[in-house]
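Letters A, B, ... mirror the listed sequences (proteins, then strands); counts begin at 1.
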Number of protein chains: 2
Amino acid sequence: MRPAGRPVADGASTSERILDAALTSFATRGYEASSLDALAQGLEVRKQTILYWFPSKEVLLEAVIDHSAVELSAALEASLATAGSGWARVEAVVRSVFRLAARRPELLGLVREMGRLGTPAATRFVTAVEPLVTRASEFLEAEMDAGHMRRHEPRLLLLAIYSTVIGMLTEVEVLRAFGEEPTARSLVRRRNEILELLRSALVTDAG
Amino acid sequence: MRPAGRPVADGASTSERILDAALTSFATRGYEASSLDALAQGLEVRKQTILYWFPSKEVLLEAVIDHSAVELSAALEASLATAGSGWARVEAVVRSVFRLAARRPELLGLVREMGRLGTPAATRFVTAVEPLVTRASEFLEAEMDAGHMRRHEPRLLLLAIYSTVIGMLTEVEVLRAFGEEPTARSLVRRRNEILELLRSALVTDAG
DNA sequence: TCGGTCACTTACCATATGGTAGACAGATCC
DNA sequence: GGATCTGTCTACCATATGGTAAGTGACCGA
């Protein structure tokens, strides 16, 4: 029995730990399938502690969405801000998405979960990510104008890149279902194939 | 109040209607988030009728998986059996996947749901689809041997194709979240872009 | 030292869930 | 016409769920 009262401040705060565990659970098991009880048990805390920080499960979801959108945006904004232009810069961003997928798969998992969650949640997420999408679109458009890339609708292009990466996540799941745990080597090779696929589809001879 | 006793035999049988509704619900809302009550209500039937045909929710899931695997395999085996070789035949199969995604999105949605469902369910599905995967792998390998396609590990190649299509499904969801209902025109154009992407990545000059 | 706040607890509650037991009505077979 | 089988129903149950109310102890400022 853990005593009541103010806890020892070891590492992450309770609300942060809740957010993190909720993100993982929502992204892997799904929002509706995640129970507050199970969440609390994993955190070695009572369910009411969760409801103290986030007055309802829906509010918790919104907080998870906002938090994730910020983290996602920060990670990608950083790579978007790197120097360079043309394909090199696109490749840098895509590689950072790969890194993000390896380091925080829950983040991309949550994005995938968006389709399942209703319009309100999806809208909230999209709104939070909108600035990032706009920046990326503008960059792509500039590159097309400069003749470095084939002309595409930039939003669709982003979606193509995004869905390719999401697809790679799914691939890993399917491989596991086939009982073949992908090796680090094979994953790296696969990434390079995907990059080559994107490059050949996007870049002009001048790029 | 619908009377008890034997129902009128109008169209699909009850068990088929249950299977179909369950597939849709499992694929869109997820297995755990789908309640038997809600399912029954949609079918204008009591929950116990579902439990009469499928003695537990888990058995229902297994039936849905088996049923879907058969339908999926049938649709793709048919297109695999078409004449032709090289890229033309690959394109025929991919196009049939696109058609399937348009006609029965639940089927591909269930495949995507597999990652969430535990190992038993995923194993069951993979086992049921295994012959199809083997056939497709053999075809791809033969094409590579004949020099029509660049050399890849055929399973990874299938996964690439699969994840590209799954990705396109996700794209539509994201577009909708952005409030942009994709038009039939834009979807067709997108499909052609994806086919071109695959072609350029797979086919050799001799293909 | 003492009241207040903060972080977390126990004690409940209404509802929804998957599942069981058994009644009941129509069809079928003898 | 009665027994039986089939498909659906009503009645019920144990458990799990999201959420409310109220308590408890540690810490803090006056």
Side-chain angles (χ1 to χ4, degrees), chain A residues 1-26 28-65 113 116-118 120-121, chain B residues 1-26 28-65 113 116-118 120-121:
Chain A
M1 275 303 128
R2 166 183 287 237
R6 185 159 296 185
V8 284
D10 54 353
S13 73
T14 302
S15 67
E16 283 169 349
R17 289 175 58 229
I18 293 172
L19 269 180
D20 209 57
L23 167 60
T24 302
S25 186
F26 292 170
T28 56
R29 297 188 211 176
Y31 170 70
E32 298 210 58
S34 302
S35 81
L36 294 184
D37 277 306
L39 222 55
Q41 201 173 342
L43 291 164
E44 291 187 325
V45 146
R46 303 296 147 239
K47 166 177 56 172
Q48 283 67 19
T49 302
I50 298 178
L51 289 167
Y52 168 77
W53 291 103
F54 307 94
S56 77
K57 197 185 173 186
E58 202 180 336
V59 169
L60 174 59
L61 172 63
E62 292 173 355
V64 165
I65 289 176
E113 177 76 5
R116 200 186 298 285
L117 301 167
Chain B
M1 277 303 126
R2 165 185 286 239
R6 183 158 297 183
V8 284
D10 53 355
S13 72
T14 303
S15 66
E16 283 169 349
R17 289 176 59 229
I18 292 172
L19 269 181
D20 209 57
L23 167 59
T24 302
S25 186
F26 291 170
T28 57
R29 297 188 211 175
Y31 170 70
E32 298 209 58
S34 302
S35 80
L36 294 183
D37 277 306
L39 222 55
Q41 201 174 343
L43 291 165
E44 290 186 327
V45 146
R46 303 295 148 241
K47 165 177 57 172
Q48 282 69 16
T49 301
I50 298 179
L51 288 168
Y52 169 75
W53 290 103
F54 307 94
S56 77
K57 196 185 174 186
E58 203 180 336
V59 169
L60 175 58
L61 172 64
E62 293 173 354
V64 165
I65 289 176
E113 177 76 4
R116 200 186 298 287
L117 300 168

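- Here B:S35 lies in heavy-atom contact (under 4.0 Å) with sugar-phosphate atoms only.
- In this structure, B:L51 places its CG atom 14 Å from C1' of D:dC12, rounding to the nearest Å.
- One N or O on the side chain of A:T28 and one on the backbone of A:T24 form a donor-acceptor pair closer than 3.5 Å.
- Side-chain atoms of B:K47 and base atoms of C:dG18 include a donor and an acceptor less than 3.5 Å apart.
- The distance between atom CZ of B:R46 and atom P of D:dT10, rounded to the nearest whole Å, is 5 Å.
- In the set D:dG19, C:dG18, D:dC9, D:dC9 carries the atom at the smallest distance from any side-chain atom of B:V45.
- As rounded to whole Å, 11 Å separates atom P of D:dT8 from atom CZ of B:F54.
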Chi angles and distances behind the side chain to side chain contact (heavy atoms under 4.5 Å, CB included) call for B:L60, B:L36
CA-CA 10 Å; B:L60 175 58; B:L36 294 183; 4.2 Å; yes
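- Across all strands, B:L36 comes closer than 4.0 Å only to sugar-phosphate atoms, never to a base (heavy-atom distances).
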What verdict does the side chain to side chain contact (heavy atoms under 4.5 Å, CB included) test give for B:W53 and B:L19, after you've listed the backbone C-alpha separation in whole Å, the side-chain angles of each residue and the deciding distance to 0.1 Å?
CA-CA 10 Å; B:W53 290 103; B:L19 269 181; over 6 Å; no
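- In this structure a side-chain-to-backbone donor-acceptor pair under 3.5 Å is missing from A:K47 to A:S35.
- Here B:S34 lies in heavy-atom contact (under 4.0 Å) with sugar-phosphate atoms only.
- One atom, CD1 of B:I50, and another, P of C:dT20, lie 15 Å apart when rounded to the nearest Å.
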Are B:L43 and B:T49 close enough, and set up right, to give a side chain to side chain contact (heavy atoms under 4.5 Å, CB included), and what steps lead you there?
CA-CA 10 Å; B:L43 291 165; B:T49 301; over 6 Å; no
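- Using a 4.0 Å cut-off between charged side-chain N and carboxylate O, A:R116 and B:E113 make a salt bridge.
- For the pair B:L60 CG and C:dG18 P, the interatomic distance rounds to 10 Å; values are reported in whole Å.
- Between the CD atom of A:E58 and the C1' atom of D:dT17 there is a distance of 16 Å, given to the nearest Å.
- For the pair B:Q48 and B:W53, both in contact range of DNA chain D, the more 5′-proximal nearest nucleotide belongs to B:W53.
- Using five terminal pairs a side, the axes of the helix from C:dT1-D:dA30 to C:dC30-D:dG1 at its two ends make an angle of 10°, given in steps of 10 degrees.
- The shortest distance between the side-chain N/O atoms of A:Y52 and the OP1/OP2 oxygens of C:dC8 is not below 4.0 Å.
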Could you walk me through whether A:F26 and A:I65 pass side chain to side chain contact (heavy atoms under 4.5 Å, CB included), step by step?
CA-CA 10 Å; A:F26 292 170; A:I65 289 176; over 6 Å; no
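- Atom pair A:E32:CD and D:dT17:C1' shows a separation of 12 Å (rounding to whole Å applied).
- Between B:T14 and D:dT8 there is a side-chain N or O to OP1 or OP2 distance below 4.0 Å.
- Summarising the geometry, the separation between CZ on B:R17 and C1' on D:dG7 is reported as 13 Å, rounded to the nearest angstrom.
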